[in-house]
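Report on the following structure.
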Amino acid sequence: MFPSDPDVLVIGAGCAGIAAARALAARGRSCIVLEGGSRVGGRAFTESASLGVPFDHGASWLHQADDNPLTPLARALGMTLIDHDAMRDRRLFAFGRLADATERHDFTAAEDAFWTTIDAAARDGTPDRPASIAAPQGGRWDSTVAHWEGAQICAAELSRMSLHDFAATALDGPNLITRDGIGGLVARLAHGLPIRLNARVDRIRWGTRDVTAEGTFGAVTAKAAIVTASTGVLAAGAIAFDPPLPAATQDAIHALPLGLLTKIAFRADHPDAPGMPPFASLRRAVSDDGDRPMSWISRLFGDPLMIAFCGGARAWDIAGNPARAEAEARAEATTVFGARAAAALGRPTVTRWAEDPLFRGAYSHAVPGAQGARAVLATPLADGRLSFAGEACHPRFAATVAGAWFSGTQAAGAVP
Ligand SMILES: Cc1cc2nc3c(=O)[nH]c(=O)nc-3n(C[C@H](O)[C@H](O)[C@H](O)COP(=O)(O)OP(=O)(O)OC[C@H]3O[C@@H](n4cnc5c(N)ncnc54)[C@H](O)[C@@H]3O)c2cc1C
């Protein structure tokens with residue numbers, strides 16, 4: 001199954017690596033995908049073992065689905081995609097109760113004002129700044145909107161993000177979901193590819209005419225390599241490069257850190273469990289300066305799961321401590337659903353993206369001033385002998401499976 005003398009080494013079998021391998025095969029180039037973990041899909045990972053129904057630990061929506069390369073691929077596989085926005089009952093919890101129609105209207109108006117201000121600031125020609133500088137402030141809903149758009153969606157606070165990159169990578173709907181999960185989709189797209197599992201690459205030698213990847217599996221040499229490990233992995237120095245990477249590439253890696261989004265998924269079969277309908281979502285308004293609410297998604301596809309989402313600094317605070325994550329999510333559930341409903345939730349599965357040395361976080365953002373970093377990281381080195389791909393490399397669909405897929409395809413096309 002593995003070519004003895006491959007043209008290309010692909011490091012990592014997440015979306016970018018799978019897309020690269022497929023594109024290389026389409027070009028008639030042989031490759032080996034070296035994957036450090038025991039499964040394919042990377043940050044697209046669906047499993048049913050822990051909760052008895054499919055649960056996406058990582059990606060769960062195909063954002064901006066009409067432009068998303070995975071949408072036609074899923075359809076070609078016969079998978080049913082559902083427009084979540086079209087059926088989602090969006091609830092807002094504020095002032096100790098569900099918000100009324102006027103409050104929801106005001107919140108939506110604050111969201112619209114946020115995007116108007118961000119877009120205007122991003123276009124005004126001034127140097128890059130933290131995205132938080134451009135966010136409206138002082139209105140009743142502004143801190144809730146900022147928390148939602150920053151920590152809960154982008155996995156990092158607006159103050160940590162480049163305004164220009166934030167604006168350039170903001171995506172729209174439709175947001176599609178599938179019963180098989182996005183991990184299920186990506187795993188199917190990997191079928192038949194030459195992927196070697198449990199082959200963690202520790203060193204890449206790229207100083208000669210070839211590229212050699214080394215690890216406990218031994219050494220494999222090819223004419224070129226595409227590295228798709230996350231910027232969290234690269235910044236930690238988990239792969240040694242010999243010779244060292246150029247300073248500009250290293251700077252780009254460090255300017256694109258991973259934020260963190262943790263999901264705490266509870267079984268919700270008990271009659272006293274929260275009574276939210278399938279596909280509904282609930283956000284809680286920020287109540288004071290230090291408040292960092294979690295949000296909830298209820299019973300996707302009618303499955304008995306209530307999933308709490310915790311993003312940004314609060315997610316880093318609870319990383320590595322699933323018992324604390326559960327306790328904090330139950331406290332959130334008590335606030336928004338009541339003590340009885342919170343107690344009725346089953347034992348949860350808590351995602352572990354921060355602790356896993358093959359990821360070290362959820363997805364990337366550019367730090368203020370680094371709006372050009374994605375393009376730098378995506379620029380092939382040594383006449384195309386070594387290149388980087390992955391969600392962090394895409395200037396528009398960054399932080400998503402779409403960006404990873406586009407980037408992997410592009411890197412494969414640029415191999416000489
Ligand atoms: C909680 C969460 C929610 C998300 N929600 C969404 C969503 O709804 N929609 C969306 O589009 N995106 C979402 N994302 C982001 C999306 O999952 C990622 O952008 C995308 O999957 C990244 O793909 P990638 O190929 O760039 O990287 P990865 O998936 O990280 O793939 C890299 C691969 O490299 C492997 N690797 C690492 N180091 C080594 C090494 N030394 N040697 C060999 N292999 C190595 C890893 O094991 C991994 O398989 C979410 C992510 C998370 C964590």
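In listed order, ligands and their atoms are each counted from 1. Predicted, not measured: the structure shown is a model, and the values here were computed from it. All heavy atoms count here, side chains included; hydrogens, waters and symmetry mates do not.
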Side chains of L92 and W141: closer than 4.5 Å at any heavy-atom pair?
yes

Heavy atoms only, cut-off 4.0 Å: how does T400 contact ligand 1, side chain, backbone, both, or neither?
both

Proximity winner for atom 39 (C) of ligand 1, if only heavy atoms of N198, N68, L171, L358 are counted
L358

Taking NE2 in H254 as the centre, count heavy atoms belonging to other residues, nucleotides or ligands within less than 6.0 Å. Is the count above 12?
yes

Among H63, H394, E391, closest by heavy atom to atom 19 (O) of ligand 1 is E391

Quick test of your reading of the model: are D56 and K263 salt-bridged, counting only N-O distances below 4.0 Å?
no

Show which atoms of ligand 1 fall inside a sub-4.0 Å distance from at least one heavy-atom site of G36.
43 (C), 44 (N), 45 (C)

What atoms of ligand 1 come closer than 4.0 angstrom to any heavy atom of V233?
38 (N)

Going by the atom numbers of ligand 1, which of them fall below 4.0 Å from some non-hydrogen atom of W61?
7 (C), 8 (O), 9 (N), 10 (C), 11 (O)

Short list, please: which atoms of ligand 1 are under 4.0 Å from a heavy atom of G42?
29 (O), 48 (C), 49 (O)

Using heavy-atom distances, let me know which of E35, R196, R43 sits nearest atom 27 (O) of ligand 1.
R43

Would you verify whether the NZ or CZ of R283 falls within 45 degrees of the ring axis of F93 while also being under 6.0 Å from that six-membered ring's centre?
no

Among all protein heavy atoms, pick the one closest to atom 15 (C) of ligand 1 and tell me residue, atom and distance.
A399 O, 3.2 Å

Under a 4.0 angstrom heavy-atom cut-off, which atoms of ligand 1 come close to A16?
25 (O)

Atom indices of ligand 1, in the order listed, that fall short of 4.0 Å to a heavy atom of G390:
26 (O)

Backbone, side chain, both or neither: what part of I239 comes under 4.0 angstrom of ligand 1, heavy atoms only?
side chain

Hey, do the aromatic rings of H57 and F55 have their centres closer than 6.0 Å?
yes

Does the side chain of R299 come within less than 4.5 Å of F279's, by heavy atoms?
no

L34 to ligand 1, any heavy atom closer than 4.0 Å:
yes

In ligand 1, the atoms that come under 4.0 Å of a heavy atom of H57 are 1 (C)

Between R396 and D67, is there a salt bridge with N-O shorter than 4.0 Å?
no

State, to 0.1 Å, how close S159 and S132 come at their nearest heavy-atom pair, and which atoms those are.
CA-OG, 3.2 Å

When you measure from atom 24 (P) of ligand 1 to every protein heavy atom, which one gives the shortest distance, and what is it?
A404 CB, 3.7 Å

Short version for D202: what comes under 4.0 Å of ligand 1, heavy atoms counted, is neither

My understanding is that we take every heavy atom of each candidate and find the minimum distance to atom 6 (C) of ligand 1. Doing that for G183, A59, A354, which one comes out nearest?
A59

Any side-chain heavy-atom pair from P3 and C31 closer than 4.5 angstrom?
no

Any salt bridge between R43 and E391, counting N to O under 4.0 Å?
yes

re atom 31 (O) of ligand 1, the protein heavy-atom contact at minimum distance is G14 CA, 3.4 Å

Between D85 and R88, is there a side-chain N and carboxylate O pair less than 4.0 Å apart?
yes

Closest to atom 42 (N) of ligand 1 among T262, V201, V40 (heavy-atom distance):
V201

Indicate the atoms forming the closest heavy-atom contact of V227 with I239, along with that distance.
CG1-CD1, 4.3 Å

I want to know if ligand 1 touches S230 in the polar sense, i.e. an N/O pair below 3.5 angstrom.
no

Check whether any side-chain heavy atom of R205 sits under 4.5 Å from a side-chain heavy atom of T221, and report yes or no.
no

Minimum-distance pair of heavy atoms, taken over all atoms of W296 and A329:
CZ2-O, 3.5 Å

Given side chains that start at C-beta, do those of R160 and H365 come closer than 4.5 Å, heavy atoms only?
yes

Could you tell me the residue and atom name of the protein heavy atom closest to atom 32 (C) of ligand 1, and the distance to it rounded to 0.1 Å?
T228 O, 3.4 Å

Please identify which atoms of ligand 1 are closer than 4.0 Å to at least one heavy atom of A229.
37 (C), 38 (N)

Among all the protein's non-hydrogen atoms, which is closest to atom 52 (C) of ligand 1, and how far away is it?
G58 CA, 3.7 Å

Is A238 in contact with ligand 1, taking contact as a heavy-atom separation below 4.0 Å?
no

side-chain hydrogen bond (donor to acceptor under 3.5 Å, both in side chains) partner of R374, chosen from T231, T169, D165:
D165

Note: A199, heavy atoms under 4.0 Å from ligand 1, region reported as backbone

Regarding atom 34 (O) of ligand 1: of the candidates G12, P357, G259, which has the closest heavy atom?
G12

Measure centre to centre between the rings of F241 and F388, then say whether the value is under 6.0 Å.
yes

For ligand 1, which part of S407 has a heavy atom less than 4.0 Å away: the side chain, the backbone, both, or neither?
neither

Hey, does V401 come in under 3.5 Å of ligand 1, counting only N/O atoms on both sides?
yes

Please report which non-hydrogen protein atom sits nearest to atom 51 (C) of ligand 1, along with the residue it belongs to and the distance in Å to one decimal place.
Y363 CD2, 3.4 Å

